[in-house]
Amino acid sequence: FTSAAGYVFLSTLGGATYAVVTLLLPVLHAREIARRAGASFRTVLSQAARVPVILGVCACLISILAITLYPFYVFRTFGR
């Protein structure tokens, strides 16, 4: 018996949480800046937060991949 599957699950859950925060933080800040400056949200997002949003999307994609592959890890670990 191994408890590694539980740790891997918690790691994927933690990674997903951080990935969502990494994506939402620059989007919400861009929305606030656009509202206060009277500018378009799309303009602010593309000029001020492009790189952080791209990194957030990449983090979410990696997290989705890890969550998708988790059941295969469990089946291989426990041999079912």
Side-chain angles (χ1 to χ4, degrees):
F1 178 73
T2 179
S3 61
Y7 291 117
V8 172
F9 174 74
L10 290 176
S11 295
T12 58
L13 183 63
T17 302
Y18 279 111
V20 169
V21 170
T22 301
L23 179 60
L24 288 179
L25 192 67
V27 170
L28 294 176
H29 279 292
R31 185 181 72 176
E32 180 69 20
I33 292 168
R35 185 178 63 80
R36 288 186 181 218
S40 142
F41 170 71
R42 179 175 255 165
T43 302
V44 172
L45 192 63
S46 67
Q47 290 182 0
R50 180 183 309 143
V51 173
V53 168
I54 291 170
L55 292 174
V57 168
C58 290
C60 285
L61 291 174
I62 291 169
S63 180
I64 289 169
L65 178 64
I67 291 168
T68 304
L69 294 177
Y70 177 74
F72 298 108
Y73 168 77
V74 170
F75 292 142
R76 190 182 72 197
T77 301
F78 294 115
R80 293 181 187 179

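The analysis underlying the following values was restricted to heavy atoms, covering all of them including side chains, and did not include hydrogens, waters or symmetry mates. All of these numbers come straight from a predicted model, not from anything done at the bench.
With sequence neighbours left out, Arg35 forms a side chain to side chain donor-acceptor pair (under 3.5 Å) with Glu32. Under the side chain to side chain contact (heavy atoms under 4.5 Å, CB included) criterion, Ala19 pairs with Ala59, Cys60, Ser63, sequence neighbours left out. The ring-ring contact (aromatic ring centres under 6.0 Å, His included) search around Tyr70 returns Phe9, not counting sequence neighbours. For Ser40, the side chain to side chain donor-acceptor pair (under 3.5 Å) partners are Thr43, not counting sequence neighbours.
Taking both residues in full, the closest heavy atoms of Val21 and Pro26 are given as O-CD, 4.5 Å, listed atom of the first, atom of the second, then distance.
The hydrophobic cluster containing Phe72, built from Ile/Leu/Val/Met/Phe/Trp/Tyr side-chain heavy atoms closer than 4.5 Å, also comprises Leu65, Leu69. In the hydrophobic clustering, Val53 connects to Leu23, Val27, Phe41, Leu45, Val57, Leu61, either directly or through intervening members, whenever side-chain heavy atoms lie under 4.5 Å apart. Through ILVMFWY side-chain contacts below 4.5 Å, Ile62 is grouped with nothing and stands alone. Using a 4.5 Å cut-off between side-chain heavy atoms of Ile, Leu, Val, Met, Phe, Trp and Tyr, Leu55 falls into a hydrophobic cluster with Val51.
Every pair tested for side-chain hydrogen bond (donor to acceptor under 3.5 Å, both in side chains) that includes a residue from residues 15-24 fails, sequence neighbours excluded, so the list is empty.
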